[in-house]
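Just below is one structure, and these are the notes that go with it.
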Amino acid sequence: MDIIISSRLLWLIIAAILIIIELLTSMIATFCLATSCLIAMVCALLGWGIEAQLTGAIIGTVIAFILVQTRRGEGNISAQSFISL
């Protein structure tokens with residue numbers, strides 16, 4: 001029996017794994033990647049193709065890393081500091 005996972009579920013699973021890794025290691029880079037996976041999941045929910053999903057993930061990653069760089073001078077860089085954005 002073939003098991004087919006929809007792309008939106010796959011993006012959600014990847015984002016959940018990255019968030020768990022971020023919580024265990026406090027590496028903000030995994031939080032940025034998880035954010036981009038959620039953006040790609042939204043693209044999948046809208047019914048867009050894989051190209052749009054990957055483009056959304058790339059743009060989301062770049063924006064997340066830019067936000068990290070702008071917050072770096074403020075001292076505390078963690079997922080909790082981005083909740084207040």
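The structure displayed is predicted, hence computed values, not measured ones. We count residues from 1, following the sequence as given.
- Partners of T35 under the side chain to side chain donor-acceptor pair (under 3.5 Å) rule, at least two apart in sequence or in another chain, do not exist in this structure.
- Connectivity analysis of hydrophobic side chains (ILVMFWY, heavy atoms under 4.5 Å, direct or indirect) links L24 to I20.
- Applying the side-chain hydrogen bond (donor to acceptor under 3.5 Å, both in side chains) definition to pairs two or more places apart or across chains, none involves residues 12-21.
- Take I58 and apply the side chain to side chain contact (heavy atoms under 4.5 Å, CB included) test, not counting sequence neighbours, and it matches no residue.
- Annotation for L54: hydrophobic cluster partners, listed by chain and number, are W11, L12, L38, M41, L45, I50 (ILVMFWY side-chain heavy atoms under 4.5 Å, direct or chained).
- Taking Ile, Leu, Val, Met, Phe, Trp and Tyr as members and joining any whose side-chain heavy atoms lie under 4.5 Å apart, directly or through other members, the hydrophobic cluster of I66 also contains V62.
- Closest non-hydrogen pair, G56 versus I39, comes out as O-CG2, 3.6 Å.
- Residues passing the side chain to side chain contact (heavy atoms under 4.5 Å, CB included) test with L10, sequence neighbours excluded: I5, I14.
- Atom SG of C32 is separated from atom CG of L18 by 10.5 Å, given to the nearest 0.5 angstrom.
- V42 belongs to a hydrophobic cluster whose other members, connected by ILVMFWY side-chain contacts under 4.5 Å either directly or through intermediates, are L46, W48.
- The minimum heavy-atom distance linking Q53 with A40 is given by the pair O-CB, 3.4 Å.
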